2 protein chains.
Amino acid sequence: MSVQTQFSAGACSDCPIRHRAVCAHCERDELAQLEEIKYYRNFEAGQTIIWSGDKMGFVGSVVSGIASLTQTMEDGRTQMVGLLLPSDFVGRPGRVGSPYDVTATTDVVMCCFRKKPFEEMMARTPHIAHRLLEMTLDELDAAREWMLVLGRKTAREKIASLLSIIARRDASLSPNGPSGPMLFDLPLTREAMADYLGLTLETVSRQMSALKKDGVILLEGKRRVTVPDMGRLMDEAGDDSDGGMFS
Amino acid sequence: MSVQTQFSAGACSDCPIRHRAVCAHCERDELAQLEEIKYYRNFEAGQTIIWSGDKMGFVGSVVSGIASLTQTMEDGRTQMVGLLLPSDFVGRPGRVGSPYDVTATTDVVMCCFRKKPFEEMMARTPHIAHRLLEMTLDELDAAREWMLVLGRKTAREKIASLLSIIARRDASLSPNGPSGPMLFDLPLTREAMADYLGLTLETVSRQMSALKKDGVILLEGKRRVTVPDMGRLMDEAGDDSDGGMFS
DNA sequence: AACCCCGGTTGATCTAAGTCAAGGAAAACC
DNA sequence: GGTTTTCCTTGACTTAGATCAACCGGGGTT
């Protein structure tokens, strides 16, 4: 089950933080104080939100859009290390330099909190701190799951893993439920997929073609994907357990 | 700087949790209560502490020894996704199934807490919850750094990365400081190194031999490593930034 | 229309790492 | 002391994926 769903369940519509990150456990008093210390920032697709090594002046939470976390070597090799979806946090109280670039993949609206008051609020509000810990543990599990993908899976399995994760993320929104055919738009270019999977874009392209030829997926144009049989796709991914990078 | 050092700085010797995880910020009252709910367990080298999918009956913190977290595919391919060093936590309050195997690499002593009281203690004790969040964020950063290693580095760079991380972890203990020559024992077999790096054990062996031939490292037997020039090793690792998987 | 640019595909070739296989050294057991 | 087992090394060969390079097609712009 994705975090999206978990949040939806407990979200309260009158929370002053308008997105759903902390909301599930909110109480009016603390969040009224948050209201005073927060502000919004907008970023265009492609814009870098935080450069690796930059001083992180704020703690931010994505309200809408997608941002990606990437690490880059001097010679230009880059590896995407995570995605920020709405409600995810970035920046940590008490650390100065960011360990990676944060870039807007689509247009992004971010809700920002100045560090000091945010920390004070956390100290005052145990259940919000607890919720943040839960979210961070989820991200850690997802990152570790991704390490298996990067370290041990073949190119075809990597592609299938990525597609099945994206498909499952959207599954909760689908009318057919998770077991029926899935239809979705890839939110990533072939190059971004390659950076995510530790492959080259040519290999990504070839494996997408191969999966299409074998009937595992259907492609309409370059981005629109149909998965006729999720079970088949998950077999191709080489694991039956739950994904979660995107959750 | 490693977590070890951070903790040493603030550790208080009379803390009822005898290792240093939570201690840095401890106050007597809360930890006296922890005393009532904790118990110790011993594991022999090679013994599996938690199987993937197992119900996790406790939250544990390593007191001494090293344990490894691994994920395995049905066909036997395995990927190590993290190490537990003294003071690290495993198991999370509020989740049942472990997403990976936890295995004792050396003999391990673990300090365990029953979940329910541990959660209650967290709710009562914001600064301990905060410390746990900090530790988890550190692990997340380390995992993401490792994703770059797994996804984009060559075999030689992977080996050099691993060696430099181990070397730096021990650097604080070294009389020469971090820039002088380093001497340490590898805590891992070639196979474990391979599982960590997403390589085969033959490739690990070959690259170790190559690094030795090129004078980057000296080997005494199979396990004892000397690094005459840490700068050289870090160049070989392909990054000048801070590692941290072991920190 | 003609142009270009961007993202994507596909082919030909190369190479880093995997696979298979044969030992060697050192500890561990009888 | 000899035998077995575990861990490691090295060699010969194969292969998955990278690299280099040509080309395609749609959506802008002029």
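Note on naming: letters A, B, ... go to the chains in the order of the sequence lines (proteins, then strands), and numbering restarts at 1 for each one. Just so it is clear, the model here is predicted, and its values are computed rather than measured.
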Residue pairs fulfilling salt bridge (Lys or Arg N to Asp or Glu O under 4.0 Å) with at least one residue in residues 46-73 of chain A, sequence neighbours excluded: none

N/O (side chain, Thr200(B)) to phosphate O (OP1/OP2, dA17(C)) under 4.0 Å: no

Leu150(A) to Gly198(A) - nearest heavy-atom pair and separation: CD2-N, 4.0 Å

Nearest-Å distance for atom pair CG/P, residues Asp75(A) and dT19(D): 10 Å

Of residues 150-159 of chain B, the positions that come close to DNA chain C - non-hydrogen atoms, cut-off under 4.0 Å: Thr154(B), Ala155(B)

Presence of Thr203(A) side-chain N/O under 4.0 Å of dA18(D) phosphate oxygens OP1/OP2: yes

Candidate nucleotides dA17(C), dT9(D), dG17(D), ranked by approach to the side chain of Leu199(B) - the nearest: dA17(C)

Distance in angstrom units between Leu186(B) CG and dC7(D) P, rounded: 14 Å

Asn42(A) (side chain) donor-acceptor with Val109(A) (main chain) under 3.5 angstrom: no

Pairs where residues 155-165 of chain A contributes a residue and the test salt bridge (Lys or Arg N to Asp or Glu O under 4.0 Å) is met, not counting sequence neighbours: Arg156(A)-Asp214(A), Arg156(A)-Glu236(A), Glu157(A)-Arg77(B)

Nearest-Å distance for atom pair CD/P, residues Glu191(B) and dC8(D): 9 Å

Nearest-angstrom distance from the residue atom CD of Glu202(B) to P of dA22(C): 14 Å

Nearest non-hydrogen partners of Met230(B) and Ser164(B), listed with the distance: CE-O, 4.1 Å

Atom-to-atom span, CG of Leu201(A) to C1' of dG17(D) - whole angstrom: 13 Å

Members of residues 206-227 of chain A that approach DNA chain C, where some heavy atom sits under 4.0 Å away: Arg206(A), Ser209(A), Lys222(A), Arg223(A)

Gap between atoms CZ and C1', on Arg77(A) and dT19(D) respectively (whole Å): 14 Å

Heavy-atom closest pair, residues Ile166(A) and Pro187(A): CD1-CD, 4.0 Å

Whether Phe58(A) and Tyr39(A) hold their rings parallel, tilted or perpendicular, with breakpoints at 30° and 60°: perpendicular

Can I get a per-line list of side-chain donor-acceptor pairs under 3.5 Å for residues 203-211 of chain A, giving both atom names and the distance, sequence neighbours left out?
unit_1	atom_1	unit_2	atom_2	d
Thr203(A)	OG1	Thr200(A)	OG1	3.1
Ser209(A)	OG	Ser205(A)	O	3.1

Sugar-phosphate, base or nothing in reach of Ser205(B), heavy atoms under 4.0 Å: base

End axis versus end axis in the helix from dA1(C)-dT30(D) to dC30(C)-dG1(D), the angle rounded to 10°, five pairs used at each terminus: 30°

Distance-only side-chain donor-acceptor flag, Ser52(A) / Asp101(A), under 3.5 Å: no

Nearest to side-chain heavy atoms of Arg190(B), which nucleotide of dT19(C), dG8(C), dT9(D): dT9(D)

Over all atoms of both residues, closest heavy-atom pair of Arg41(A) and Cys112(A): CD-SG, 3.8 Å

Check: Arg190(B) side chain, Leu201(B) main-chain N or O, donor-acceptor pair, under 3.5 Å: no

